[in-house]
Amino acid sequence: MSMLASLVRAYDRLPDAPPFGFSTEKIGFCVLLNADGSVASVEDLRGDDRKRSPRMLLVPQAVKRTAGIAPNFLWDKSAYVLGVTAGEGKRTAEEHAAFRARHAEWLAETDDPGVLAFLRFLDGWSPDAFAPPLWLDEMRDQNIVFALAEEYRERFLHERPAARALWRRLGAEGASDPQICLVTGEPGSVARLHPSIKGVWGAQSSGASLVSFNLDAFTSYGHDQGDNAPVSEAAAFAYGTVLNRYLDKDSGHRIQIGDASTVFWADCSDMKLAAEAEVFFAALLDPASEEKLVAEDERLETAKIHSRLDAIRNGQRLSRVAPELAEGVRFHVLGLAPNAARLSVRFYWQDDFGRLTANFQRYLEDTAIDPPPRDGWPALWRYLLELASQGKRENVPPLIAGEWLRAILTGTAYPLTLLSTALMRMRADGEINALRCAMLKSILIRNLKMEAPVALDPANTNKGYVLGRLFAVYEEVQRAALGGINATIKDKFYGAASASPQKVFRTLDSGSANHFGKLRKTNPGRAVNLEKLLTSITDLMDPAGDPIPASLNAAEQALFGIGYYHQRSDFFRKHDDKTPEVSQ
């Protein structure tokens, strides 16, 4: 099934899907009109929360605006409706004039009292009349709807039967000749312009197109705009409605992975199973969302969800934990990123939910490392922050997020740029932590088919791993001898030691001799333990096999970091068999 076709199917399962030709928009105020077009009052529709959030209302579908002027039907922002705006508004007068002219044209033949009151209001309105106490400055740039004062509690003006009939007629008049829709396979009017998709991180706040043809180079056989890829108005409306709904931050269908705004949904006839699969997926990618999603969905049994998630994370197959999810649910994951005025599809994946969890368990196995991160199961975005300069999300290298998540979902090889980027960040800032080492380990296992230890492996003879452990011992000798210092040998030499060890380790060895001399005087027991450990590591080196090479390749540098992390972490553990230290 294609991406657009699966989104159209998802529209049919939305519990409160807006009808074709309508959309849910943020509305701030309602102007109550008398029958003669005069203003009875202005009602604030915003919530009582601290941000005074606008109310979400079903209104005639918003027009798609680029650089032109195009009014909405019976509602719009204050610049169009009232001719006032909070900024300079260089074309506010033109927008208001277009709003009045188009409605005079659209509503010319009506005899409905509510619509006539609206026309009378427009005829008598002047932007100079916008003044307190009736008109508030907070209305500027807010979306505004209308209602008759006598029926405000019952319906808005655009909800009157006559207004709905006019809106349907306008849609029919603008329809093109029926063609076969590429998404549904049914005849219908082709969408000339596709809907704007809002909520993609980094894209235009007014929305961006998933499908568009705005240059001659994109067209073929003389077709214009949407005719190049015939998608019916109904199908375009459906997929646009679903995407805008799922991209909302509170939808429970969206998670941000680097620059990829990722939405997901389950395709299943049983809505309860679909909801459970969606909670499972969100919790696997971001464990912090587990409590929130389960708490918000009263249909789900909290204890069962928690136990099943723990079982999956511990390696049990979904077919044993929840067989109904493994075979009865089709799952879809879509990653979107900004691309000028359009949206770029970073990845689209669909398969059985059982296959997804199996691939995710493989990812957990690949990235398992001891000791694990302090906070337990980390969210995927936490790994990506380790690749970003200064740990900022906006600095995550482009394309990596989408390629990495695609590899996790499909069980294929990770992008090799993940390896080079992680090594570069470790050399740049000297931070060798569990998340970075877990990424390095997973790439070695999956891409390079190499063995990489989960925990400290005292018998591992790989040059990179042994040198990483040796470097950690030299650092511990320095720390034990000198106590708290501002910069250790890791801060000064890690980058060079991991890439060109031959240039550095001779200096580190001579420096450790001085540190051992001081340590024997202050803590001889600790000195003996570290000397034994140093000897056990150097005994793993083969003198005839270039034990300290001039350079290490990328895979060996990764093992250097893992070896350093394992050995460094081991110093902070309590060992029952540890030789007692002698202090003076």
Side-chain angles (χ1 to χ4, degrees), residues 8 11 14 16-33 35 37 45 54-65 68-82 95-123 143-148 151-152 154-178 181 188-196 198 207 226 231-242 244-245:
V8 171
Y11 168 81
L14 286 180
D16 54 349
F20 176 49
F22 288 78
S23 60
T24 303
E25 304 292 341
K26 298 176 180 179
I27 307 297
F29 291 85
C30 177
V31 178
L32 306 188
L33 301 176
L45 302 182
R55 185 190 299 183
M56 304 302 295
L57 288 181
L58 192 65
V59 295
Q61 187 175 9
V63 296
K64 183 173 181 179
R65 293 176 181 143
I69 295 176
N72 289 313
F73 184 69
L74 295 180
W75 72 276
D76 217 313
K77 61 182 180 178
S78 64
Y80 278 86
V81 174
L82 305 175
E95 291 172 341
H96 180 56
F99 186 84
R100 297 176 64 170
R102 293 305 302 275
H103 279 85
E105 176 186 345
W106 289 335
L107 310 177
E109 299 177 2
T110 186
D111 57 359
D112 180 76
V115 178
L116 288 174
F118 175 72
L119 285 174
R120 292 173 185 135
F121 164 78
L122 290 181
D123 289 339
N143 286 330
I144 300 171
V145 294
F146 292 83
L148 284 178
E151 60 180 26
Y152 165 61
E154 302 173 9
R155 59 188 176 185
F156 297 104
L157 187 62
H158 60 267
E159 295 175 332
R160 292 177 65 86
R164 287 179 174 269
L166 282 168
W167 180 236
R168 286 194 297 269
R169 180 174 61 81
L170 291 173
E173 290 176 353
S176 60
D177 294 334
C181 174
S189 176
V190 172
R192 178 174 171 270
L193 298 177
H194 283 240
S196 293
K198 301 177 182 179
V231 176
S232 67
E233 292 275 6
F237 170 81
Y239 88 72
T241 300
V242 169
N244 282 316
R245 179 74 61 86

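- Nearest heavy-atom pair, V63 versus P71, reported as atom, atom and distance to 0.1 Å: CG1-O, 3.7 Å.
- Heavy atoms only, all atoms of each residue included: A98 and I69 are closest at CB-CG2, 3.7 Å.
- Legend: residues meeting side-chain contact (heavy atoms from CB on, under 4.5 Å) with A236, ordered by chain and number and at least two apart, are A191, H194, P195, V231, Y239.
- Side-chain contact between P18 and Q61 is absent, with no heavy-atom pair separated by less than 4.5 Å.
- The side-chain hydrogen bond (donor to acceptor under 3.5 Å, both in side chains) check on E159 picks up nothing, with sequence neighbours excluded.
- Figure legend: cation-pi geometry between R65 and Y80, with NZ or CZ positioned under 6.0 Å from the six-membered ring centre and within 45° of its axis.
- To the nearest 0.5 Å, atoms CZ (F20) and OG1 (T241) are separated by 9.5 Å.
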- CA sep, side-chain torsions, deciding dist, call: L116, T110, side chain to side chain contact (heavy atoms under 4.5 Å, CB included): CA-CA 7 Å; L116 288 174; T110 186; 4.1 Å; yes

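- Scanning for side-chain contact (heavy atoms from CB on, under 4.5 Å) contacts around P54 gives K26, Q142, with sequence neighbours left out.
- Counting only heavy atoms from C-beta outward, the side chains of E25 and N72 never approach each other to under 4.5 Å.
- Taking the side chain as every heavy atom from C-beta outward, L166 and D112 never approach each other to under 4.5 Å.
- Considering every non-hydrogen atom in both A79 and E95, the closest pair reads CB-OE1, 3.3 Å.
- At least one side-chain heavy atom of D16 sits under 4.5 Å from a side-chain heavy atom of R245.
- Taking CZ of R100 as the start and CG of L119 as the end, the distance is 11.0 Å to the nearest 0.5 Å.
- F99 places a side-chain heavy atom less than 4.5 Å from the side chain of H103.
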- Task: Could you check L74 against F156 for side chain to side chain contact (heavy atoms under 4.5 Å, CB included), going step by step and ending with a plain yes or no?
- Result: CA-CA 10 Å; L74 295 180; F156 297 104; over 6 Å; no

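- Annotation for S23 and P60: closest pair OG-O, 4.2 Å, computed over non-hydrogen atoms.
- Considering CG of L157 and CZ of F121, their distance stands at 11.5 Å, rounded to 0.5 Å.
- A donor-acceptor pair under 3.5 Å links the side-chain atoms of W167 to the main chain of G21, judged by distance alone.
- Among all heavy-atom pairs drawn from L193 and K64, the shortest one is CB-CD, 4.3 Å.
- Electrostatic pairing of R102 and D76 does not count as a salt bridge here, judged by no charged N lying under 4.0 Å from a carboxylate O.
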- Query: Can you list the steps and then say if F146 with L33 is a side chain to side chain contact (heavy atoms under 4.5 Å, CB included)?
  - Reply: CA-CA 7 Å; F146 292 83; L33 301 176; 3.9 Å; yes

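- Of all heavy-atom pairs between N244 and S196, the closest is ND2-O, 3.2 Å.
- Taking the ring centre of F22 as origin, the terminal cationic atom of R164 falls inside the region bounded by 6.0 Å and 45° from the ring axis.
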- Query: So V59 and V145, side chain to side chain contact (heavy atoms under 4.5 Å, CB included) or not? Walk me through it.
  - Reply: CA-CA 9 Å; V59 295; V145 294; 4.2 Å; yes

